[in-house]
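This report refers to the structure that appears directly beneath it.
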2 protein chains.
Amino acid sequence: MTEVTLREVARESGYSVATVSRVLSGTRAVGAQAERRVRAAAERLGYRPNQVARALRSRSTGTIGMVLPQITNPFFPMLVRAVEHELHSRGRALLIADCDDDPAVEADRVNALLNRQVDALLVIPVHEEHSRVAVAAAAERAPLVQLDRRCGTGVADTVAVDNAAGMALVLDHLARTGRGRPCFLGSAATDSAAVERRAAYEAGVAALDPEGASRVELGDFSVEWGRDAAERVWSERPDALVCANDLIAVGAIQQLRRMGVDVPGQVAVTGFDDVAIASLAEPALTTVRQPVTGLAEEAVRLLDQRLGEQGSRPRHAVRLAPELVARASTAPRTEEAQ
Amino acid sequence: MTEVTLREVARESGYSVATVSRVLSGTRAVGAQAERRVRAAAERLGYRPNQVARALRSRSTGTIGMVLPQITNPFFPMLVRAVEHELHSRGRALLIADCDDDPAVEADRVNALLNRQVDALLVIPVHEEHSRVAVAAAAERAPLVQLDRRCGTGVADTVAVDNAAGMALVLDHLARTGRGRPCFLGSAATDSAAVERRAAYEAGVAALDPEGASRVELGDFSVEWGRDAAERVWSERPDALVCANDLIAVGAIQQLRRMGVDVPGQVAVTGFDDVAIASLAEPALTTVRQPVTGLAEEAVRLLDQRLGEQGSRPRHAVRLAPELVARASTAPRTEEAQ
DNA sequence: TCTCTGTCGGTAAACGTTCTCACACACGTT
DNA sequence: AACGTGTGTGAGAACGTTTACCGACAGAGA
């Protein structure tokens, strides 16, 4: 069962390889009779175009590479899924690389994918600074879009959620439900998501209460650290914990319950991302939902655009609006809990 | 910045394209002087082999396709990660496809990947029966290994955890900690994981207590169903809930706590897979850890073997031993909880 | 009737590799 | 001196497409 080639379809149909190619790839109009006969022959023989040969000739593999920090971090699979669907619906395929949160591995993977002739690259940079040179170098070799995070500005196109708007939604929601003494549990990491969320929090809180100094704790984006931070911060008796992502929030809720603190009775907790466990937490977590499919569409659209233009240089930075998902963890205080 | 080709390295080094190719791909020994000069020239020009041309000529893309049911199901990213690392360490790349738990999409993706000339396919079938024809057809076109689940027997090579052994570990652990009236919360799905775990449970329970009829509830592999089932089953006052995966178990624990039932005081709960949320549940979940990296290694090894042999037909079915991870959800009863 | 334009089809040259030959030359053996 | 036997190298044909170029032929306008 060797593969059927254009040649054999040509022989079978009585036309030349060129004509067959034209019919099957639809690049130029051919006569009605030729069209019919060629299609019939192709069908009869079960012809399938060889994508590798096609790629070699047309200098395009129809393949996009995606490199991400940690596929086991529950937010990323959502993104991968959305990107995969978007790409497949356009007839492209997705080459994936996981880099274990290590910039060195990231650089390696980026190169591996480029050497495989991906048409373009989708990168979620591991680290704002350490990823920079690799990402910048890659952006020279192929169209590249940074997704969700970015390293520096002007390095390449970026598509991300509007973190500031998301944080504003949270603060507004808390203010409206009567929470006035929040604390922030964030990440000390320097990736853009971490930085922007923290900055937006601080700006928002300052606007609400200009002289009140709100406590800010910085660690990483993990459940473990959420537990730690919640315990440390509780001594100040905040009435809300604003967390930089859902994992931190889940950890915080766990720790609070262990300490016998009532959520949301004594303290409200909010997250960011709306990953699956957010709705599974007890109480269910109020959080900011990222427009995942929107991000994927936008990223792919940008790549396609770059592929078409072939080298025009203005950098884009797309920001998509998030949405607040209010759940039990910020329900208004009940009387008896006051 | 157009790509450097063998021709240019040949011109630069003063040798022929053939010699350059031989040096750079190391297929045949060449003279020491040629070796040195060619390498130097390649280095100077920054030559990178064109993988597409290489693939066309050598009829091998160095690319493996992986198609899975739902990448947002937390167990799969663990597998993807392990497979990705295993492949990259061997210089291969991973083309990924998500099929939203839909056999029709699955068939489509499998074809898309095959048409892209993947060297081999790694499939986690969506459904035992509905996936069968597509998987079988694909196995005719390329080496194919079924991972984690399989549709029918003899369709293709399989690599999976030994579900029966895992269930035995659980039952043994429960018996040892004095739990004698378990219930099983499983999945009604017909994929092999669901079926094998249920069968193993029933066999194990029958062996323990030949005439006692243990209750078995079947739904799907979700948290929501775990909650439902736990509520329904609690009326019988089991002293252990054996769940077919971690998601069900997490749902069960949640529901029990809502109903004010003490876990593990009144009832123990166990899961399967050891996904991240298992250790985050409250109480932390006793579960069966899948040998994820082992599965990945074994799968890739099998593929490589198939690629080497080129068409020998005995099917393999590899089973890897799991490991019990005992956590708080099955801690022995405390006195006051009795 | 003679161009002129347009459509349809074929020939052959790419794309960048790998690999089969064949050749040249240096040995050692008869 | 004639003959194998290696060893290192180059020429050139694949691999399966796409596409630039050209020729043939048909219909339309003069």
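Numbered from 1 within each chain, the chains take letters A, B, ... in sequence-line order.
- Judged by closest nucleotide on DNA chain D, Ala32(B) is the one of Ala32(B) and Ala53(B) placed further toward the 5' end.
- Atom-to-atom, CD of Glu35(A) to C1' of dG9(C) comes out at 14 Å; the value is rounded to the nearest Å.
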Contact list (N/O, under 3.5 angstrom) for nucleotides 5-7 of chain C vs protein:
none

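- Every residue two or more places apart in sequence or in another chain that forms a salt bridge (Lys or Arg N to Asp or Glu O under 4.0 Å) with Arg301(A) is listed here: Glu298(A).
- To the nearest angstrom, C1' of dC15(D) lies 11 Å from CD of Gln117(B).
- Note that the two end axes of the helix from dT1(C)-dA30(D) to dT30(C)-dA1(D) enclose an angle of 60°, each drawn from 5 base pairs, rounded to 10 degrees.
- Between the CZ atom of Arg59(B) and the P atom of dT17(D) there is a distance of 10 Å, rounded to whole Å.
- The distance between atom CG of Leu56(B) and atom C1' of dA13(D), rounded to the nearest whole Å, is 13 Å.
- Residue pairs meeting the ring pair (Phe, Tyr, Trp, His ring centres under 6.0 Å) criterion with at least one partner in residues 32-64 of chain A, sequence neighbours excluded, do not occur; the list is empty.
- When atom types are taken as modelled, the side chain of Thr61(A) and the backbone of Gln117(A) share a donor-acceptor pair closer than 3.5 angstrom.
- In this entry the distance linking CZ of Arg7(B) with P of dT18(C) reads 16 Å, nearest Å.
- Side-chain contact, Arg116(B) with Asn50(A): no donor N or O sits under 3.5 Å from an acceptor N or O.
- Shown here are the ring-ring contact (aromatic ring centres under 6.0 Å, His included) partners of His127(B), two or more places apart in sequence or in another chain: His130(B).
- Considering only side-chain N and O atoms, Ser16(B) lies under 4.0 angstrom from the phosphate OP1 or OP2 of dG10(D).
- Of all nucleotides listed (dC15(C), dG9(C), dG16(D)), dG16(D) comes nearest to the side chain of Thr5(A).
- Nucleic acid contact for Ala55(B): none, since no nucleic acid atom lies under 4.0 Å from a heavy atom of the residue.
- In this structure Asp162(B) satisfies the salt bridge (Lys or Arg N to Asp or Glu O under 4.0 Å) test with no other residue, sequence neighbours excluded.
- Sequence neighbours left out, the pairs with a member in residues 67-95 of chain B that pass salt bridge (charged side-chain N to carboxylate O under 4.0 Å, His left out) are Asp100(A)-Arg81(B), Arg109(A)-Glu84(B), Glu86(B)-Arg90(B), Arg90(B)-Asp304(B), Arg92(B)-Asp119(B), Arg92(B)-Asp304(B).
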Extract all donor-acceptor atom pairs below 3.5 Å that involve side chains of residues 64-77 of chain B and protein atoms in other chains or at least two apart in sequence.
residue: Gln70(B); atom: OE1; partner: Thr72(B); partner atom: OG1; Å: 3.0
residue: Asn73(B); atom: OD1; partner: Phe75(B); partner atom: N; Å: 3.2

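- Applying the salt bridge (charged side-chain N to carboxylate O under 4.0 Å, His left out) test to pairs two or more places apart or on separate chains, those with a residue in residues 5-18 of chain B are Glu12(B)-Arg44(B).
- Note: CD (Gln51(A)) to C1' (dT17(D)) measures 11 Å, nearest angstrom.
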Under 4.0 Å protein heavy-atom contact, by nucleotide of nucleotides 18-28 of chain D - B base, S sugar-phosphate only: BBBB-------
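- Judged as a salt bridge (charged side-chain N to carboxylate O under 4.0 Å, His left out), not a single pair has a partner in residues 68-80 of chain B (not counting sequence neighbours).
- Sorted by first and then second residue, the pairs that involve residues 26-38 of chain A and meet salt bridge (charged side-chain N to carboxylate O under 4.0 Å, His left out), not counting sequence neighbours, are Glu35(A)-Arg39(A).
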